[in-house]
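Worksheet: the structure to be examined is printed underneath.
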Amino acid sequence: MTDDSQAFLNAWKDACSSTPVHKSPQVIIPAGSTFLVKPVQFNGPCKSQHIHFIVSGTVVAPGSPPGWNGLDTSQWLSFNGVYGLIVNGGGVIDGQGKKWWDQSCRDHPNMEGCTDLAPTAMKFMFCINTTLSNIHFVSSPQAHVQLFVCNGFNINNLTVQSPGDSPNTDGVHIHASKHVVITHSKISCGDDCISIGDFTNDVEINNVQCGPGHGISVGSLGKSGNFVQVENIHISNSTFYGTTNGARIKTWQTGRGYARNITFENLQVFSVDNPIIIDQNYCSYPGTCKEQGTGVQISDVVFQRINGTATTEAAISLNCSKAVPCLGIKLDSIDITPQIPSVPVAACCSNAHGEETSVEPGPCLKQD
């Protein structure tokens, strides 16, 4: 009930400014207690080479949008410019997002005062060599974890739990960051379990369980017509349960630049609407975008050893641009069958070039 924001900031200030001789400074949120915290930003750099932020208790956000009046509604708990940060402890970060979802413009476009922007539960900005592990995120108003211009980031044993119909609640969103590893995590949300944004390089994702949610997505890229640079993305050994998508790449026609060297492999899909999908004609209202002469070049993408069931006909859908076609696509050892026997699965490719081996359903690609 009591606002503990200043106590958190005081503890951070003390830890960040200290240099213990024998161990790293620690901020400890003790088990067995629940702390109400309004938007706070933990700023670096700190004096020590490593700093621990140990969440063993429960941290809750204000329970409704009016609790954010006069405050920054884009973020809740954020770390800025910290080197060697370790966040762990087994505790709970509860965004109490339901009342934000109830006034979302996505779901309630005609509601007066609906909101497009809601707080991200935990945001990391300009952080270097960071570890986030063993934390349970619940009901963020919008994205649960966001990385922005981070270098060297390890996420392990993360749990994200929000309803499948909660709007824009990405599990982890990565933007303009490099050298990121996400492993052994379970994500249930109302948007992408993991999304990879513009200017991102060297991402390794493995042993992730996704569902419900919108799958693991590279994109959307190039929404504002900017020059996109995304490469060296590897997603493997993961499972999708009841998601709208599995392995997905999505770009806006207005974008430029490239997304390349992307591999999805050793994936299992169970009751997934669109197990394998590339959409270079992504837009706010699907099917309404006119063909344009620009686009993000998608190349050297591998989908291999992917099996399971699809709930729609679109088991494989590669919807590439006529102006900037997909090049160097590889489909290998894919076996996707209908979840419902009366709904057959198919592969549909448009302006997609590459090679395929042992693909069912198929064939699909234009052979070069």
Side-chain angles (χ1 to χ4, degrees), residues 74 104-107 109 116-118 120 142-143 146-149 167-178 180 189-201 203 205 213-233 235 243-264 273-301 303 314 316-329 348-354:
S74 71
S104 161
C105 291
R106 191 200 75 174
D107 292 347
D116 281 315
L117 180 66
T120 291
Q142 205 149 299
Q146 182 177 354
L147 281 53
F148 180 76
V149 195
N168 304 312
T169 52
D170 295 70
V172 180
H173 178 64
I174 307 165
H175 193 92
S177 297
K178 57 185 179 180
V180 178
C189 61
D191 209 311
D192 294 318
C193 290
I194 301 171
S195 58
I196 297 166
D198 298 344
F199 308 108
T200 298
N201 174 39
V203 176
I205 298 167
H214 294 181
I216 297 179
S217 297
V218 177
S220 63
L221 306 176
K223 181 177 182 179
S224 303
N226 53 301
F227 189 87
V228 173
Q229 293 174 300
V230 173
E231 60 186 329
N232 302 324
I233 312 296
I235 297 105
T243 54
T244 55
N245 307 285
R248 176 164 69 158
I249 301 173
K250 49 180 177 173
T251 66
W252 296 72
Q253 292 185 66
T254 52
R256 297 168 294 118
Y258 59 82
R260 63 194 185 197
N261 296 328
I262 300 167
T263 297
F264 296 90
D273 293 349
N274 306 287
I276 296 173
I277 180 169
I278 294 177
D279 187 2
Q280 273 188 292
N281 302 296
Y282 188 78
C283 59
S284 299
Y285 302 98
T288 63
C289 300
K290 295 181 179 179
E291 188 78 31
Q292 298 184 29
T294 56
V296 176
Q297 176 67 73
I298 295 175
S299 63
D300 300 320
V301 178
F303 299 95
I316 300 173
S317 176
L318 307 184
N319 178 22
C320 297
S321 164
K322 185 183 296 182
V324 189
C326 300
L327 303 175
I329 308 298
C348 179
C349 296
S350 177
N351 306 306
H353 301 255

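With 3.5 Å as the limit, one finds a donor-acceptor pair spanning the side chains of S195 and D170.
For the atom pair S299 OG and I329 CD1, the distance stands at 7.5 Å (nearest 0.5 Å). Note that CD1 of I298 and CD1 of I262 are 7.0 Å apart. Values are rounded to the nearest 0.5 Å. Between Q142 atom CD and D116 atom CG the span is 8.5 Å, to the nearest 0.5 Å. With rounding to the nearest 0.5 angstrom, the CD1 atom of I196 is 4.5 Å from the CD1 atom of I233. Taking CD of Q280 as the start and NZ of K322 as the end, the distance is 13.0 Å to the nearest 0.5 Å. The CG atom of N261 sits 6.5 Å away from atom CD of E231, with the distance rounded to the nearest 0.5 Å.
Annotation: side chain of I194 is in contact with side chain of I174 (closest heavy-atom distance under 4.5 Å). By the 4.5 Å heavy-atom criterion applied to side chains, V203 and I235 are not counted as neighbours. Two residues are said to be in side-chain contact when any heavy atoms from C-beta on lie closer than 4.5 Å; F303 and I316 fail this criterion. At a threshold of 4.5 Å between non-hydrogen side-chain atoms, the residues S321 and Q253 do not count as touching. You'll find the side chain of T243 stays beyond 4.5 Å of the side chain of R248, heavy atoms only. Using a 4.5 Å heavy-atom threshold, the side chains of F264 and I249 count as touching. Using a 4.5 Å heavy-atom threshold, the side chains of I278 and C326 count as touching.
Side-chain N or O atoms of D198 include none that pairs as donor or acceptor with a backbone N or O of V230 at under 3.5 Å. Judged by distance alone, with hydrogens and angles left aside, the side-chain atoms of T254 form a donor-acceptor pair with the main-chain N or O of G222 at under 3.5 Å. The closest donor-acceptor contact from the side chain of Q297 to the backbone of Y258 lies at 3.5 Å or more, if one exists at all.
Partners of H214 according to the ring-ring contact (aromatic ring centres under 6.0 Å, His included) rule, which considers only residues two or more places apart in sequence or in another chain, do not exist here.
Looking at every heavy atom in both residues, A259 comes nearest to V296 through N-CG1, 3.8 Å.
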**Item:** salt bridge (charged side-chain N to carboxylate O under 4.0 Å, His left out) between R106 and D191, worked out
**Value:** CA-CA 12 Å; R106 191 200 75 174; D191 209 311; 5.1 Å; no
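Cys pair C320 and C349 fails the test of SG atoms under 2.5 Å apart.
Ring planes of H175 and F148: parallel class, angle under 30° (limits at 30 and 60°).
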